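Taking it in order: structure first as structure tokens, then the write-up.
On a predicted model such as this, the values are computed, not experimentally measured, just so you know.
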Amino acid sequence: KLATIKQKNIMPQSFEQLRQDFGFILYSAVVSRPFLSTGLLQFKPMDRAYIFLDNKFIGILYRGYNDSITLPPTFSPTSSLSILVEYMGRVNYGPEMMMERKGILNGVLLDNAYIFHWEMIGLPLFDVSSIFEDMEIQSKYASYGDDMEPTFYRGFIDLSNQEDIKGGGGGGSRDDDDIHDTFLNLSTLGKGLVYVNGFLLGKYWNIGPQYSLYLPSSLLFRGVNEIVIFELEPQNCANISMISS
């Protein structure tokens, strides 16, 4: 339900080729292990790539830091390779501006041989409300950090009795005399996106320097407020709080 683009091609396509300007692209292909394989996977990530083999998280490649990873020796002739690539912004100065493309560029190599026949799914993630429409009831009790891989988390804050915070939510009412602007403290989380009452508030990353996001009163209601986190790199212990600055 989150996908806006679905396309197949012999080679992986960039964000620009798929006409997507934000968010993520999920690349998928079937890979087989060559004889005497080292399992060395190589490609140029633009900008940050989360790699999965048969739906199990393998590792991360990051632009400017690494462009290869060794796959575990367990994959079969029908193993599924998935690569979730995050767009993180563009260089706006210097010679790199001319080739500032996003996604997977110039193909993916396994043991120095190209992997062909890719499926690309575009995930802008401006609106993630549809992901919870068919959730099973038990899923809402999952705890943050249960899955150490990219995961959506959904929680609620009830501001019905908070006179000093400007708050509100999907099921509340407005009271401008009581509700005030605030900040979301995300310092204990890993890396991802946060949504408040369906609005994409922004991105966060625990490397800093910014550890909180400004939350204007206009996004809140007195009553129950929904907060959705798309956490790319869950931490062992994390929480969200509202702070004054």
Distance-minimising heavy-atom pair for V85 and F15 | O-CZ, 3.9 Å

Return yes if some donor-acceptor pair links the side-chain N/O of D67 with the main-chain N/O of K44 below 3.5 Å, else return no.
-> no

So, do M242 and I157 sit near enough that their side-chain heavy atoms are less than 4.5 Å apart?
-> yes

Could you tell me whether K203 atom NZ has more than 12 heavy atoms of other residues or ligands within 6.0 Å of it?
-> yes

How many angstroms lie between CD1 in I51 and CD1 in I69, if you round to the nearest 0.5 Å?
-> 4.5 Å

Which residue, M120, R19, Q20, forms the side chain to side chain contact (heavy atoms under 4.5 Å, CB included) with Q13?
-> M120

In terms of hydrophobic clusters joined by side-chain contacts under 4.5 Å, are F152 and F52 together?
-> yes

With side chain to side chain contact (heavy atoms under 4.5 Å, CB included) as the test, would you mind laying out the steps for Y195 and V128 before giving the verdict?
-> CA-CA 8 Å; Y195 304 78; V128 298; 3.5 Å; yes

So which of T70, D111, N112 actually passes side-chain hydrogen bond (donor to acceptor under 3.5 Å, both in side chains) with T38?
-> D111

For the atom pair CG (L123) and OH (Y87), what is the distance rounded to the nearest 0.5 Å?
-> 16.0 Å

Once the angle between the rings of Y114 and F116 is folded into 0 to 90°, is it parallel (under 30°), tilted (30 to 60°) or perpendicular (over 60°)?
-> tilted

Side-chain contact test, heavy atoms from C-beta onward, threshold under 4.5 Å: evaluate it for L71 versus L110 and give yes or no.
-> yes

Shortest non-hydrogen pair, I240 vs I227, comes out as CD1-CG2, 4.3 Å

Quick one: list whatever passes side-chain contact (heavy atoms from CB on, under 4.5 Å) with K6, sequence neighbours left out.
-> A3, I121

Would M88 and I207 show up in the same hydrophobic cluster when neighbours are defined by side-chain heavy atoms closer than 4.5 Å?
-> yes

Heavy atoms of L53 and S79 approach each other most closely as CD1-CB, 4.0 Å

Would you give the length of the straight line joining atom OG of S80 to atom NZ of K56, rounded to the nearest 0.5 angstrom?
-> 13.0 Å

L193 and F24: CA distance, side-chain angles, deciding distance, side chain to side chain contact (heavy atoms under 4.5 Å, CB included) verdict | CA-CA 12 Å; L193 292 79; F24 303 79; 3.7 Å; yes

Closest approach of Y27 to S14 (non-hydrogen atoms, all atoms of both residues) | OH-CA, 4.1 Å

For S82 and L26, work out which heavy atoms get closest and say how close.
-> CB-CD1, 4.2 Å

With F43, which residues qualify under ring-ring contact (aromatic ring centres under 6.0 Å, His included), at least two apart?
-> none

Taking C-beta and beyond as the side chain, do I58 and L41 meet within less than 4.5 Å on heavy atoms?
-> no

Just how far is it from atom CG of N9 to atom NE2 of H117, taken to the nearest 0.5 Å?
-> 10.0 Å

If the plane angle is over 60° it's perpendicular, under 30° parallel, otherwise tilted; pick one for F22 and F126.
-> parallel

Identify the two heavy atoms, one from N239 and one from L189, that lie closest to each other, and give their separation to 0.1 Å.
-> O-CD1, 3.4 Å

Going by atom type alone, with no hydrogens or angles, which donor-acceptor pairs under 3.5 Å involve a side-chain atom of residues 97-109 and a protein atom two or more places apart or on another chain?
{"unit_1": "E100", "atom_1": "OE1", "unit_2": "R63", "atom_2": "NH1", "d": "3.4"}
{"unit_1": "E100", "atom_1": "OE1", "unit_2": "R63", "atom_2": "NH2", "d": "2.8"}
{"unit_1": "E100", "atom_1": "OE2", "unit_2": "R63", "atom_2": "NH1", "d": "2.9"}
{"unit_1": "E100", "atom_1": "OE2", "unit_2": "V91", "atom_2": "N", "d": "3.1"}
{"unit_1": "E100", "atom_1": "OE2", "unit_2": "K102", "atom_2": "NZ", "d": "2.8"}
{"unit_1": "K102", "atom_1": "NZ", "unit_2": "D47", "atom_2": "OD1", "d": "2.8"}
{"unit_1": "K102", "atom_1": "NZ", "unit_2": "D47", "atom_2": "OD2", "d": "3.0"}
{"unit_1": "K102", "atom_1": "NZ", "unit_2": "G89", "atom_2": "O", "d": "2.7"}

Are any of the side-chain heavy atoms of T151 and E149 separated by less than 4.5 Å?
-> yes

Hphob cluster co-occupancy, L125 + L200, side-chain heavy atoms under 4.5 angstrom | yes

First locate atom OG of S130, then atom CG of L2, and finally report the distance between them rounded to the nearest 0.5 Å.
-> 4.5 Å

L220 side chain near T182 side chain, heavy-atom distance below 4.5 Å | yes

E231 and Y204: side chain donor to acceptor below 3.5 Å | yes

Is any side-chain heavy atom of V196 less than 4.5 Å from a side-chain heavy atom of L184?
-> yes

When clusters are formed by joining ILVMFWY residues with side-chain heavy atoms under 4.5 Å apart, either directly or through shared neighbours, do M46 and I25 land in the same one?
-> no

Do Y65 and P45 touch side chain to side chain, with heavy atoms closer than 4.5 Å?
-> no

F57 and Y50 aromatic ring geometry - parallel, tilted or perpendicular at 30°/60° bounds | tilted

Quick one: NZ on K191 to CD on E86, what's the gap to the nearest 0.5 Å?
-> 3.0 Å

Out of curiosity, does Y211 fall in the hydrophobic cluster containing L213 (side-chain heavy atoms, cut-off under 4.5 Å, transitive links)?
-> no

Is any side-chain heavy atom of E233 closer than 4.5 Å to a side-chain heavy atom of I60?
-> yes

